[in-house]
Amino acid sequence: MDIPLCHTGDKPQLILANAAALPLYQKQPGRFAGALAPDGAACAAWAEALEPLPVGLPLDCPPAPDEELCERPQTMHYIGQCKAAFRGRLHDGAAFYYLRGAPSFAALRAAVLALTDLCGRTVIAELTVEGDEGLLEDGTDIRAAVGVLQRVGVSTVILTAREPEALTEALEAAAPYARLSIGVSVPAAWLRAQTALYNTEIFLPRAPDGEAEVLAAIDGHAASRRVPRDHDDFILAPDGRNAHFIDPTIDISDEIECGHRLSEALLEAEDDAGALKLVLETEDDVIALEECRYMISRPVCLCAESAELLEQGLRVYPGLALYDGTWEQSEEVLHYLEQKYGLIRL
């Protein structure tokens, strides 16, 4: 599914999600970027009726696992849950998948990893923002979320909110740093009320509004704003919750072992500057990293002698990890880790 990035002058497009709107596509095909069929049975029929429009399927993320019952690392357990939930809903005719309903941002990222493990289709992810500070429901900075998702295989994010002000704040915060397409799912009334939207290219109708009503509201909407995508002088290296903008020459701490004293070591390093270099030597270190990840509020440089262990660390760490060459890995391995987990080579 090819959605261009904010070309000035291009009209926003819709994702068609209602069978009643199929004739509308025939009349105005240029106003649609794709279609979201309700299930696999409808996917093939929609794809035939709407050709060449890309037709995808929604995937609901499973609820968070019971921490007392699931094995560690929990992220690996949740990835397995996602695979079990998604596998039966995948369809050969789907051009993309729409991930929604994740219980947290870390869970959404895990769901993306599960889906990219299963298939090579385009991924669209839904993010719900809360309040007026550009934060997701779990407190994750929208810039951190976008920064991670755009490097782990997501092509488009669709933002939703309970209040128009929250949506505006989040779009304004994220737009300068987004290297993917940004969309929204909003009531048509918000558009008629001239809610400010930044770099918004895609619209997904929100019930009870239909596609025709949203299209009419878009055509009357005069509060769309374009902001440049810049800030390429800095690297966006989120820790999974907070956005960090770093220089490639950032200071990196001495090695910190991810053992049973990791929480103490993180507290001791709390006031230091630069990135934390966390060393993984055993699978128990991966569990310790996951359990202490909420204590991390700085960029992280991960290193491990074993490529397999490094990958495990990258699976459980919800941010974008740095790599400084410690325990040199092969070019093939590093390229894979960059593409799959967004590993940042310094």
*Thr200 OG1 to Ile158 CD1 distance, which is reported to the nearest 0.5 Å*: 9.5 Å

*Should the heavy atoms of other residues, nucleotides or ligands under 6.0 Å from CD of Glu51 be counted, would the total exceed 12?*
no

_Is it true that, when you exclude Glu257 itself, more than 12 heavy atoms of the residues, nucleotides or ligands shown sit nearer than 6.0 Å to its CD?_
no

*asked:* Check for me whether the distance between the ring centres of Tyr177 and Phe245 falls short of 6.0 Å.
replied: yes

*Would you tell me whether Arg109 and Thr140 have side-chain atoms, one donor and one acceptor, within less than 3.5 Å of each other?*
no

*asked:* Salt bridge or not between Asp60 and Arg89? Use side-chain N to carboxylate O under 4.0 Å.
replied: no

*asked:* side-chain hydrogen bond (donor to acceptor under 3.5 Å, both in side chains), that's the test. Do Arg100 and Thr128 meet it? Break it down for me.
replied: CA-CA 9 Å; Arg100 63 189 182 188; Thr128 301; over 6 Å; no

*List the steps and the verdict of side-chain hydrogen bond (donor to acceptor under 3.5 Å, both in side chains) for Asp284 and Thr282.*
CA-CA 5 Å; Asp284 285 342; Thr282 68; 4.8 Å; no

_Does Glu133, at its CD atom, have more than 12 non-hydrogen atoms belonging to other residues, nucleotides or ligands within less than 6.0 Å?_
no

*Examine the side chains of Asp324 and Thr326 and answer whether a donor and an acceptor come within less than 3.5 Å of each other.*
yes

*asked:* Holding to salt bridge (charged side-chain N to carboxylate O under 4.0 Å, His left out), I want the full list of residues that pass it with Arg31, two or more places apart in sequence or in another chain.
replied: Asp219

*Does any donor atom in the side chain of Tyr25 or Glu211 lie under 3.5 Å from an acceptor atom in the other side chain?*
no

*Can a salt bridge be assigned to the pair Arg241 and Asp239 using a cut-off of 4.0 Å between side-chain N and carboxylate O?*
no

*CA sep, side-chain torsions, deciding dist, call: Gln329, Tyr323, side-chain hydrogen bond (donor to acceptor under 3.5 Å, both in side chains)*: CA-CA 10 Å; Gln329 304 291 339; Tyr323 174 77; 5.6 Å; no

*From the options Leu99, Leu180, Thr156, select the one residue that forms a side chain to side chain contact (heavy atoms under 4.5 Å, CB included) with Ile124.*
Thr156

_Using every non-hydrogen atom in the two residues, find where Ala114 and Lys83 come nearest and quote the distance to one decimal._
CB-CG, 3.9 Å

*Please report the shortest heavy-atom distance between Phe96 and Pro54, naming the atom on each side.*
CE2-O, 3.7 Å

*Tell me, yes or no, whether the heavy-atom count around Arg345 atom CZ, taken from other residues, nucleotides or ligands under 6.0 Å, exceeds 12.*
yes

*asked:* Taking atom CD as the centre, does Gln194 end up with more than 12 heavy-atom neighbours from other residues, nucleotides or ligands that are less than 6.0 angstrom away?
replied: yes

*In plain terms, say whether Glu290 and Arg315 are close enough for a salt bridge, that is, a side-chain N and a carboxylate O under 4.0 Å apart.*
no

*Evaluation steps, side-chain contact (heavy atoms from CB on, under 4.5 Å), between Leu278 and Ile296*: CA-CA 11 Å; Leu278 303 183; Ile296 297 172; 4.0 Å; yes

*asked:* Taking the basic N atoms (NZ, or NE/NH1/NH2) and the acidic carboxylate oxygens, is any pair closer than 4.0 Å for Glu201 and Lys11?
replied: no

_Electrostatic pair Glu283-Arg72, nearest N-O below 4.0 angstrom_ = no

*Tyr78 side-chain N/O to Pro62 backbone N/O, donor-acceptor pair under 3.5 Å*: yes

*Among Leu204, Ile202, Leu215, side chain to side chain contact (heavy atoms under 4.5 Å, CB included) partner for Leu14*: Leu215

*Any salt bridge between Lys277 and Asp254, counting N to O under 4.0 Å?*
no

